[in-house]
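For reference, the structure discussed in these notes is given below.
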Amino acid sequence: LVVVGGMIASLILALIEDWRMGMLLPGIAGAVVGVAIWLTPESPRWIMDRHGFEAGVLALRKVRRGNVDDEARQMKKIADAERAAGQVKYMDLFAKPGLRTRFF
């Protein structure tokens with residue numbers, strides 16, 4: 001996609017005669033992404049974590065066809081396992097040798 005974006009930018013720059021507009025292209029692209037991000041729906045797993053299992057299943061049914069119960073149960077199982085594993089603090093990345101070798 002980066003190559004396609006570069007080609008489109010090159011074609012637009014070939015058609016534009018004012019260099020200032022060419023300098024605005026990255027800002028325009030950023031504005032489009034900034035607006036589009038608010039139109040993107042949340043993931044079913046995020047909904048499941050925040051609003052419960054049933055809400056996550058409903059969201060999953062919007063993006064999948066057929067029976068989604070197995071996938072929803074698997075998502076819940078993985079989320080529960082990650083929650084049980086806990087979080088690593090930033091200082092642990094430097095203090096614990098096993099994490100330090102993975103991090104650097």
Please list, one pair per line, the donor and acceptor atoms closer than 3.5 Å that link side chains of residues 71-79 to other protein atoms, with sequence neighbours excluded.
unit_1 : atom_1 : unit_2 : atom_2 : d
Glu71  : OE1    : Arg64  : NE     : 3.1
Glu71  : OE2    : Arg64  : NE     : 3.4
Glu71  : OE2    : Arg64  : NH2    : 3.2
Arg73  : NH2    : Asp70  : OD1    : 2.5

Sequence neighbours left out, what passes side-chain hydrogen bond (donor to acceptor under 3.5 Å, both in side chains) with [X]? Give chain and number order.
X	value
Glu42	none
Arg83	Asp49, Asp80
Asn67	none

Subject >> Side-chain cluster (under 4.5 Å, hydrophobic types only) that Leu11 belongs to, other residues >> reply: none

Original post:
Quick one: hydrophobic cluster around Val33, which other residues, with the 4.5 Å side-chain cut-off, linked directly or via members?
Top reply: none

To the nearest 0.5 Å, how far apart are [atom1] in [X] and [atom2] in [Y]?
X	Y	atom1	atom2	answer
Leu60	Phe53	CG	CZ	9.0 Å
Ile8	Leu25	CD1	CG	11.5 Å
Met91	Lys96	CE	NZ	12.0 Å
Leu58	Met48	CG	CE	10.0 Å
Ile47	Glu54	CD1	CD	13.0 Å

Original post:
Is there a side-chain contact (heavy atoms from CB on, under 4.5 Å) between Arg61 and Asp69 once you walk through the steps?
Top reply: CA-CA 9 Å; Arg61 284 188 181 135; Asp69 294 333; 3.5 Å; yes

**OP:** Mind listing the closest non-hydrogen atom pair of Leu13 and Gly22 along with its distance?
**Re:** CD2-CA, 3.4 Å

Original post:
Are Met21 and Trp19 connected in a single hydrophobic cluster, I mean Ile/Leu/Val/Met/Phe/Trp/Tyr linked by side-chain heavy atoms less than 4.5 Å apart?
Top reply: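 Different clusters.
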
